[in-house]
Amino acid sequence: MLKGIDPRLNADVLHVLRMMGHGDALIIADMNFPSDSVARKTSYGRLLRMDNLTAAQAVEAVLSVFPLDTFVDDFAGRMEIVGEPNTIPPVQTEVQDKINQAEGSDRPMFGIERFAFYDIARQSYAVIQTGERRFYGCFMLRKGVIPPQE
């Protein structure tokens with residue numbers, strides 16, 4: 001246990017979040033996503049796990065230490081529902097709420113078509129599989145920067 005660090009963040013996840021740089025993409029995936037096979041193609045090359053957490057809980061923990069990119073429109077994305085790209089299911093609303101809380105503003109995630117999401121995931125830095133059982137609980141977060149202290 002560490003002071004000031006969300007206990008839901010395990011050592012492997014903290015290690016990878018620290019290694020990532022500005023602009024690197026992180027995938028938060030549900031239980032149905034082909035996480036292991038996709039993770040093998042990422043920069044990190046191994047699957048990370050945050051078992052027994054919903055997608056929103058995992059995102060909340062990650063965003064406690066992970067700045068989102070403020071320089072780009074694709075700072076956060078959600079996997080679109082097949083055939084219903086504008087439908088936002090509850091799992092995605094919950095994650096959007098966590099992003100809004102972390103950012104202190106309302107910056108909506110952009111939708112990513114299912115197979116395009118797989119492509120982005122393979123090109124990402126790492127994949128974290130959560131315990132999320134609801135469909136379309138898959139998200140991309142792009143790492144930002146922490147400004148110097150003045």
Side-chain angles (χ1 to χ4, degrees), residues 1-31 33-36 38-80 85-86 88-114 116-132 134 136-150:
M1 190 67 85
L2 298 171
K3 289 170 63 174
I5 301 291
D6 190 313
R8 297 174 291 188
L9 295 170
N10 61 56
D12 292 333
V13 170
L14 281 170
H15 174 72
V16 168
L17 295 179
R18 177 65 177 93
M19 289 190 323
M20 292 176 69
H22 182 212
D24 284 337
L26 176 68
I27 301 300
I28 306 290
D30 63 29
M31 299 265 312
F33 189 74
S35 296
D36 186 63
V38 170
R40 291 179 202 189
K41 296 183 180 357
T42 65
S43 297
Y44 185 62
R46 289 186 14 222
L47 178 62
L48 299 166
R49 303 185 71 86
M50 292 179 79
D51 295 320
N52 302 317
L53 297 179
T54 66
Q57 290 168 334
V59 167
E60 179 180 43
V62 166
L63 292 181
S64 73
V65 297
F66 185 94
L68 289 174
D69 198 332
T70 58
F71 296 108
V72 296
D73 292 333
D74 67 343
F75 71 99
R78 60 177 180 79
M79 182 188 285
E80 294 176 348
N86 296 320
I88 310 293
V91 64
Q92 294 182 0
T93 299
E94 291 170 15
V95 167
Q96 182 67 63
D97 290 344
K98 298 302 180 188
I99 290 170
N100 293 349
Q101 289 170 11
E103 290 287 287
S105 65
D106 187 9
R107 290 179 68 197
M109 290 183 281
F110 73 102
I112 307 169
E113 185 273 332
R114 179 179 167 218
F117 189 94
Y118 293 154
D119 291 339
I120 289 170
R122 285 185 205 92
Q123 296 169 21
S124 72
Y125 194 89
V127 175
I128 298 173
Q129 186 173 40
T130 68
E132 181 62 67
R134 294 173 289 179
Y136 299 99
C138 298
F139 305 90
M140 184 280 300
L141 304 175
R142 191 166 306 282
K143 189 173 184 182
V145 297
I146 298 172
Q149 293 182 350
E150 295 188 24

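This is a predicted model, so every value here is computed, not measured.
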Taking side chain to side chain donor-acceptor pair (under 3.5 Å) as the test, write out the residues that go with Asp69, two or more places apart.
His22
Within-4.5 Å side-chain heavy-atom neighbours: Leu26 and Lys143
no
If you define the side chain from C-beta out and look only at heavy atoms, does anything of Leu17 sit under 4.5 Å from Val13?
yes
Mind listing the closest non-hydrogen atom pair of Ala61 and Leu9 along with its distance?
O-CD1, 3.4 Å
Any side-chain donor near an acceptor of the partner, Gln101 and Asp97, under 3.5 Å
no
Side-chain heavy atoms of Met50 within contact of Leu53, under 4.5 Å
yes
How long is the gap from CD on Glu113 to OH on Tyr118, to the nearest 0.5 Å?
9.5 Å
Taking the side chain as everything from C-beta on, heavy atoms only, tell me whether Val91 gets closer than 4.5 Å to Glu132.
yes
Search all heavy atoms of Phe139 against all heavy atoms of Phe117 and return the closest pair with its distance.
N-CZ, 3.5 Å
Distance-only, no hydrogens or angles: does the Gln96 side chain make a donor-acceptor pair with backbone N or O of Met109 under 3.5 Å?
yes
Shortest non-hydrogen pair, Ser35 vs Asp30, comes out as OG-O, 4.1 Å
I want to check something: taking the side chain as every heavy atom from C-beta on, are Met140 and Arg142 in contact at a cut-off of under 4.5 Å?
yes
Is it the case that over 12 heavy atoms from other parts of the model lie below 6.0 angstrom from the CG atom of Asp73?
no
Quick one, Ile28 and Val62 - any side-chain contact, counting heavy atoms below 4.5 Å?
yes
Okay, side chain of Thr130, backbone of Ala29: is any donor-acceptor separation there less than 3.5 Å?
yes
Gln57 side-chain N/O to Thr54 backbone N/O, donor-acceptor pair under 3.5 Å
yes
What's the shortest heavy-atom distance between Glu80 and Pro85, and which atoms?
OE1-CB, 3.3 Å
Got more than 12 heavy atoms from elsewhere within 6.0 Å of CG, Asp106?
yes
Just one of Leu141, Val127, Thr42 clears the side-chain contact (heavy atoms from CB on, under 4.5 Å) bar with Ile27, so which one?
Val127
Do Ile128 and Arg49 come close enough that some side-chain heavy atom pair is under 4.5 Å?
no
Is there a side-chain contact between Tyr136 and Gln92, using heavy atoms and a 4.5 Å cut-off?
yes
Nearest 0.5 Å, what's the OG1-CZ distance between Thr93 and Arg78?
9.0 Å
Shortest non-hydrogen pair, Ile112 vs Gly77, comes out as CD1-CA, 3.9 Å
Presence of salt bridge, Glu94 and Arg134, under 4.0 angstrom
yes
Is the NZ or CZ atom of Arg107 positioned over Phe75's six-membered ring, under 6.0 angstrom from the centre and within 45° of the axis?
yes
Please check this pair: side chain of Lys98 against backbone of Val59, looking for a donor-acceptor N/O pair closer than 3.5 Å.
no
Heavy-atom nearest pair, Ser124 first then Ala25, reads CB-O, 3.3 Å
Only counting residues at least two apart or in another chain, list the ones meeting side chain to side chain donor-acceptor pair (under 3.5 Å) with Tyr44.
Arg46
What's the spacing between Leu14 CG and Phe66 CZ if we round to 0.5 Å?
12.5 Å
